[in-house]
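One structure is given below, encoded as structure tokens.
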Protein chains: 2
Amino acid sequence: MDVHEITPCCSPVLTEPLTEADAEELAAAFKVVADPVRLRLLSLIAQAGEICSCDLVAPIGKSQPTISHHMSVLADSGLVHREKRGKWAWYSVVPERLSVLRDALGGVPVARS
Amino acid sequence: MDVHEITPCCSPVLTEPLTEADAEELAAAFKVVADPVRLRLLSLIAQAGEICSCDLVAPIGKSQPTISHHMSVLADSGLVHREKRGKWAWYSVVPERLSVLRDALGGVPVARS
DNA sequence: TCGTCACATCGACGAATATCAATATTGACT
DNA sequence: AGTCAATATTGATATTCGTCGATGTGACGA
């Protein structure tokens, strides 16, 4: 339950036909990063390497429940890793998970004719 | 109006701090690909190289207005190019636009252990 | 000019979701 | 046990968005 399997998940969008199920799964993955607050959270976590939830509320400027909600979305998707230490929750990014999204957008560098 | 500028748009999420405005713009870009129908449309177009709108409705299994709506979203975002020939609309993907999204997800390749 | 075909737009509806106040839960410390 | 601090959950609300039927628009051919 802590870390999802880091499977390739889906075939690249541009090279292979996309089944309806694969499209659904990929779209769900992209939805996670299709939110400005979650992108800024990802950015903050990535630069800190590891950061406490308590240091995320103020920079973003949203309420604590809102930040908690977004962190759950990020953690459930496997994009970040959550580790509870005492009362605090520490987060770090899972770069392999980001690669899955990147690779889906056409693994190969732009083919030039 | 036909093709958006292919600027880098935003700084990579993981390496540089993300301003609120950049996050908003990036999130909007990801929202476009965060839909299963649009992903399948992209896949169909990419494999055909160039395809008529009339050949998109049946494979997706949605109504014609729905396909038209999604194609407008894709075209407005610059991910696809629309060219009208007579009564038909022909679409092709703009790979550079996909690269922008890919690069935003952390320029550097994942270190593999 | 009239009819038809391809596509776009409009209006409406339902589902998903971002947000916050209030409350619950959990851990640490005395 | 009791209290406080950090985080999670709940309930409610407003907004966004995907969808489709109906209609509009523009192009081609008889």
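In what follows, chains are A, B, ... by sequence order, proteins preceding strands, each numbered from 1.
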Can you give me the closest heavy-atom contact between Ala34(B) and Ala34(A), atom names plus distance?
CB-CB, 4.2 Å
Evaluate the criterion side-chain contact (heavy atoms from CB on, under 4.5 Å) for residue pair Lys62(B) and Val57(B); output intermediate values, then yes/no.
CA-CA 6 Å; Lys62(B) 303 275 178 173; Val57(B) 176; over 6 Å; no
Check the distance between [N]'s [atom2] and [X]'s [atom1] and give it to me in whole angstrom.
X	N	atom1	atom2	answer
Glu24(A)	dG18(D)	CD	P	12 Å
Glu83(A)	dT26(C)	CD	P	19 Å
Asp35(B)	dT17(C)	CG	P	12 Å
Ile60(B)	dG18(D)	CD1	P	14 Å

Run the salt bridge (charged side-chain N to carboxylate O under 4.0 Å, His left out) test against Arg38(A) and tell me which residues pass, sequence neighbours left out.
none
Heteroatom pairs (N/O) under 3.5 angstrom, protein to nucleotides 4-14 of chain C:
unit_1	atom_1	unit_2	atom_2	d
dA6(C)	O3'	Lys87(B)	O	3.4
dC7(C)	OP1	Cys54(B)	N	3.4
dC7(C)	OP1	Ala89(B)	N	3.3
dC7(C)	OP2	Cys54(B)	N	3.2
dA8(C)	OP1	Arg82(B)	NE	3.3
dA8(C)	OP1	Arg82(B)	NH2	3.2
dA8(C)	OP1	Tyr91(B)	OH	3.3
dA8(C)	OP2	Ser68(B)	OG	2.7
dA8(C)	N7	Gln64(B)	NE2	2.9
dA8(C)	N6	Gln64(B)	OE1	3.3

With a 4.0 Å heavy-atom cut-off, tell me which residues in residues 41-48 of chain A come close to DNA chain C, sorted by residue number.
none
Under 4.0 angstrom, heavy atoms only, what part of the nucleic acid is Arg38(B) near: base, sugar-phosphate, or nothing?
sugar-phosphate
Is it true that Arg82(B) and Ser53(B) share a donor-acceptor pair across their side chains at a distance under 3.5 Å?
no
Met71(A) versus His69(A): any side-chain heavy-atom pair under 4.5 Å?
no
Would Asp55(A) and Trp90(A) count as a side-chain contact (heavy atoms from CB on, under 4.5 Å) if you check the C-alpha gap in whole Å, the side-chain angles of each, and the deciding distance to 0.1 Å?
CA-CA 10 Å; Asp55(A) 289 328; Trp90(A) 289 82; 5.7 Å; no
Side-chain donor/acceptor of Arg97(B) to backbone N/O of Gly78(B), under 3.5 Å
no
Ser72(A) side chain vs Ser68(A) backbone, donor-acceptor pair below 3.5 Å:
yes
Assign each of Arg85(A) and Lys31(A) the nucleotide of DNA chain C bearing its closest heavy atom; nearer the 5' end lies the nucleotide of Lys31(A)
